[in-house]
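Below: the structure, in structure tokens.
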Amino acid sequence: MDTFRFFPLLVVAFVLGAVAYKLLVLKVVVPEGFTTLLYRQGRFVRALTPGAHRVLRQGHGTQQVDMRQRYLTVPGQDVLSQEQVGLKVSLAVRFAVAEPEPALHRVQNFTEALYLAVQLALREEVGRHPLEELAAGRVDLGQRMRERVAGEVRAFGLSVEAVEVKDVMLPADLRRAFAESLKAKKEAQAMLEKARGESAALRNLANAARLMEEHPSLLELRMLQTLGSASTTPGNTFVLGVGPELTSLGRRRPARGSTPGPPSEGDEPEST
């Protein structure tokens with residue numbers, strides 16, 4: 001009987017307690033990939049990792065920081081090369097917030113601070129190299145800039161993963177000059193390769209002529225080989241002019257099993 005009498009009071013107390021809890025306790029849910037900074041009376045207390053957290057509502061505040069990788073695009077920047085030639089360079093920077101506390105407390109806007117650091121580093125690095133090296137890609141501009149910028153922005157909690165050069169735009173007259181220079185180089189290389197091929201062919205012909213001069217029988221073998229390869233096509237007629245060398249050679253080599261005949265009047269007998 002007494003329990004039923006106090007039951008409404010218990011319900012009211014429970015409701016009042018729930019309302020007081022809601023008013024006094026703040027539930028903070030931090031999603032994955034983010035970090036939340038907790039403040040009390042405007043002063044930083046601690047960083048809240050992903051998950052659910054409960055803190056006193058009175059005097060406390062929070063600010064969420066995105067810790068995921070992000071990209072910063074730096075469009076065409078007018079810079080001067082070592083020869084004081086103007087060109088435009090565009091970049092893409094991949095970075096992330098490594099330490100949220102200095103990223104929010106040391107600079108007003110860490111993205112703008114990174115943008116300015118990249119601009120200054122680009123102007124200095126491009127001014128150190130001649131235009132020909134930059135246009136030909138012989139300078140790893142992205143790696144040099146990443147090393148320089150990463151050291152500067154580490155002070156306010158940023159981590160620069162990579163700096164990629166998207167485009168190097170030259171003035172129109174320089175583009176034409178580079179195109180003509182490249183065309184001339186390609187033509188010179190083609191002429192050089194042609195000359196090398198002709199020299200190799202002449203060397204092979206000279207070697208073949210030397211062998212035939214030292215071994216005259218190679219000429220007869222070559223002629224027979226040519227006749228054999230050409231005789232595979234029917235309907236062809238071949239007219240051969242046989243010189244006195246081959247005629248006398250044929251006369252001095254009788255067929256196997258036959259008796260050698262007397263020499264002709266024009267042939268002199270061989271000396272013994």
(message) As a quick check of understanding, evaluate side chain to side chain contact (heavy atoms under 4.5 Å, CB included) for Glu125 and Val79, giving each step before the final call.
(response) CA-CA 10 Å; Glu125 289 296 332; Val79 291; over 6 Å; no

(message) Could you check whether atom CZ of Arg154 has more than 12 heavy atoms from other residues, nucleotides or ligands sitting under 6.0 Å from it?
(response) no

(message) Rounded at 0.5 Å granularity, tell me how far CG in Leu48 sits from CD in Gln64.
(response) 10.5 Å

(message) If I take atom CZ from residue Arg128 and atom CZ from residue Arg144, how far apart are they, to the nearest 0.5 angstrom?
(response) 8.0 Å

(message) Do Leu104 and Leu116 land in one hydrophobic cluster if side-chain heavy atoms of ILVMFWY residues count as linked below 4.5 Å?
(response) no

(message) On a heavy-atom basis, which atom in Val97 and which in Asp66 lie closest, and how many Å separate them?
(response) CG2-O, 3.8 Å

(request) Work out which heavy atom in Arg123 is nearest to a heavy atom in Asp78; give both atom names and the distance. (result) NH1-O, 3.0 Å

(request) Say whether Leu114 and Tyr71 are linked into one hydrophobic cluster, either directly or through other cluster members, by side-chain heavy-atom distances under 4.5 angstrom. (result) no

(request) Drop me the distance from His105's NE2 to Gln63's CD, to the nearest 0.5 angstrom. (result) 7.0 Å

(request) Mark yes or no for whether Arg106, through its side chain, and Ala155, through its backbone, hold a donor-acceptor pair below 3.5 Å. (result) yes

(request) With rounding to the nearest 0.5 Å, note down the distance linking CZ in Arg46 to OG1 in Thr36. (result) 10.5 Å

(message) Return the CE to CG distance between Met145 and Leu122, rounded to the nearest 0.5 Å.
(response) 4.5 Å

(request) Grab the two heavy atoms, one from Ala98 and one from Pro100, that are nearest each other, plus how far apart they are. (result) O-CD, 4.0 Å

(request) Heavy atoms only: give me the nearest Val165-Gly142 pair and the separation to one decimal. (result) CG2-N, 4.0 Å

(message) Could you check whether any side-chain heavy atom of Leu141 comes within less than 4.5 Å of a side-chain heavy atom of Val126, counting everything from C-beta outward?
(response) yes

(request) Could you grab the distance from atom OH of Tyr39 to atom NE2 of His60, nearest 0.5 Å is fine? (result) 13.0 Å

(request) Return the minimal non-hydrogen interatomic distance between Ala117 and Val149, and the atom names on each side. (result) O-CG2, 4.0 Å

(message) What I'd like to find out is whether the side chain of Val30 reaches to under 4.5 Å of the side chain of Thr62, using heavy atoms alone.
(response) no

(message) Using every non-hydrogen atom in the two residues, find where Phe110 and Phe95 come nearest and quote the distance to one decimal.
(response) CE1-CE1, 4.3 Å

(message) Is the shortest side-chain heavy-atom distance between Leu91 and Gln77 below 4.5 Å?
(response) no

(request) Give a yes or no on whether the backbone of Ala96 and the side-chain of Ser159 come within a donor-acceptor separation of less than 3.5 Å. (result) no

